[in-house]
2 protein chains.
Amino acid sequence: MTSQQELLDTLAQVARALGNGHRLALLERLAQGDASVETLANTTDLTVGNASQHLQHLRRAGLVTAQRSGKQVIYRLTDERIVNLLGLLRQVAETNLAEMERLVSRLFAEDDADGVLEAVSRDELLAGLVSGEVALLDVRPAEEYEAGHLPEAINIPLEQLEDMLGKLPLDREIVAYCRGPYCVLSHEAVQRLRQLGYRVRRFEEGYPEWKAAGLPIE
Amino acid sequence: MTSQQELLDTLAQVARALGNGHRLALLERLAQGDASVETLANTTDLTVGNASQHLQHLRRAGLVTAQRSGKQVIYRLTDERIVNLLGLLRQVAETNLAEMERLVSRLFAEDDADGVLEAVSRDELLAGLVSGEVALLDVRPAEEYEAGHLPEAINIPLEQLEDMLGKLPLDREIVAYCRGPYCVLSHEAVQRLRQLGYRVRRFEEGYPEWKAAGLPIE
DNA sequence: CCATCATTCTATCAATTCATTGAATGATGG
DNA sequence: CCATCATTCAATGAATTGATAGAATGATGG
């Protein structure tokens, strides 16, 4: 066994840690912010024991670290670049696997026929923020908003959307964002707000990608 | 099973395709240029049948495509970004797994004590090329050089290094490169040329990374 | 159309992975 | 120190993966 092969095997071990849907879900949750095993188990629909086991796996691959805090063990991503890694994996998969396209279009099934709901790219969003023509709306649960959010974003969790319309500006276009490209919260929010007559589009990425790109957060 | 979960499972399937040392070796070879099953099997020390099986796996994950050319089947990477994906995987692994550091340092074991052999970064190399202060040396086999190489690079395969010293300029620093960060060819070349008194360092990446970054090739 | 070569397919076995269950560990509050 | 809660460990069985060997397919040159 050459060093070369051992090196590739070690890399393969890291890739294998990414090779399970539940573990990817755990990583995506951790990209929103650190969390305890129980929190992680709840948000990913795993039993605590099972979640713990997957977290150990991710830890052996160097993707997460654990830190005891009182009774709980808090997990976190070891490296901001893991978000980039997942993003690149997603891009490659979307471009080259027909299956992915099918699933993505089904996820956003109720999409618009006119193309008016086209998502806002990162560059476009940055331009809109700089010029002050855009207001940001964070539709994630308050807990995730508080763990970190885009600058000057207003938080209205999706469930309370209709109750808190007063917080939305009427003089600017609204851009809604949530957890990432596959998160349906902002998509749903855009649908509902458009029906109410708001000028609103959705950000094509989410909070973790924004943060991993080194852009400012609050 | 929600769409969300199916999406992550599909992503996981792609990651799993990366989760095997032999398949990573195949991808690294393909990053140098397209190749037939037999060529791939030879350069990765696999039996043809086994290589074919792994290539099918990569194909199902959308990472490679196959095209018949006469008697042979030629495989190629579906996407230039796969090189970036592998690079990012490598970076994350190197930063967060102690095991990786150990293996990398062993791979380049005969390294210098003085730090004079410090590798040249991409930006540094670009600056050197623009100012004309640097000459490029490609130490890969002629076949790989011909499939594509950095602009104005001289090709001297490592085995013929001492026979073709005449092709090397004496008035500029030489930067040697080969297949990628874990390829030892350029490292070995630098060792030997330094002993002969040449002013030479090694490029910290390789041909595939250069190409994937969209930089010019010949 | 036959012989040959490159590749893929099929079947098999050993090894690994994953979910589940229940026991063990470790920290906290009384 | 004991009871409780959060997490991890250990054992089991089902499913998947990987290597090997040999048969089957598909293209080419005579």
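The sequence lines fix the lettering, A, B, ..., with proteins before strands; numbering per chain opens at 1. This is a predicted model, so every value here is computed, not measured.
Under the side-chain hydrogen bond (donor to acceptor under 3.5 Å, both in side chains) rule, Gln32(B) has a single partner from Arg179(B), Arg140(B), Lys211(B), Glu143(B), which is Arg140(B).
With hydrogens and angles disregarded, a donor-acceptor distance shorter than 3.5 Å links the side chain of Arg29(A) to the backbone of Gly33(A). At least one donor-acceptor pair closer than 3.5 Å links the side chain of Thr95(A) to the backbone N or O of Gln91(A).
Under the 3.5 Å distance criterion, with hydrogens and angles disregarded, no donor-acceptor pair is assigned to the side chains of Thr65(B) and Arg76(B). Between Arg60(B) and Gln13(B), the side chains place no donor N or O within less than 3.5 Å of an acceptor N or O (distance only, hydrogens not considered). Residues His54(A) and Arg23(A) bring a donor and an acceptor atom of their side chains to less than 3.5 Å of each other. Looking at Asp138(A) and Tyr177(A), their side chains do bring a donor and an acceptor atom within 3.5 Å of each other.
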A correct dot-bracket answer for DNA chain D, with pairs being Watson-Crick or G-U at under 3.5 Å, [ ] for crossing pairs and | for inter-strand pairs, is ||||||||||||||||||||||||||||||
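Residue order along DNA chain C, read from the 5' end via each residue's closest nucleotide, puts Gln56(B) first among Ser69(A) and Gln56(B).
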Do nucleotides 15-23 of chain D as a string where each nucleotide becomes B, S or -: B if the base has a protein heavy atom under 4.0 Å, S if just the sugar-phosphate does, - if no protein is that close. --SSBB---
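Residues Glu205(B) and Arg122(B) are paired through a salt bridge, judged by an N-O separation under 4.0 Å between the basic side chain and the carboxylate. Salt-bridge formation is not detected for the pair Arg202(B)/Glu118(B): no Lys NZ or Arg NE/NH1/NH2 atom is positioned less than 4.0 Å from an Asp or Glu carboxylate oxygen.
The environment of Glu162(B) atom CD is dense: over 12 non-hydrogen atoms of other residues, nucleotides or ligands sit within 6.0 angstrom.
In 5' to 3' order, the nucleotides of DNA chain C bounding all contacts with chain A (an atom under 4.0 Å from a heavy atom) are dT17(C) to dT28(C).
At least one side-chain nitrogen or oxygen of Ser52(A) sits closer than 4.0 Å to the OP1 or OP2 atom of dT8(D).
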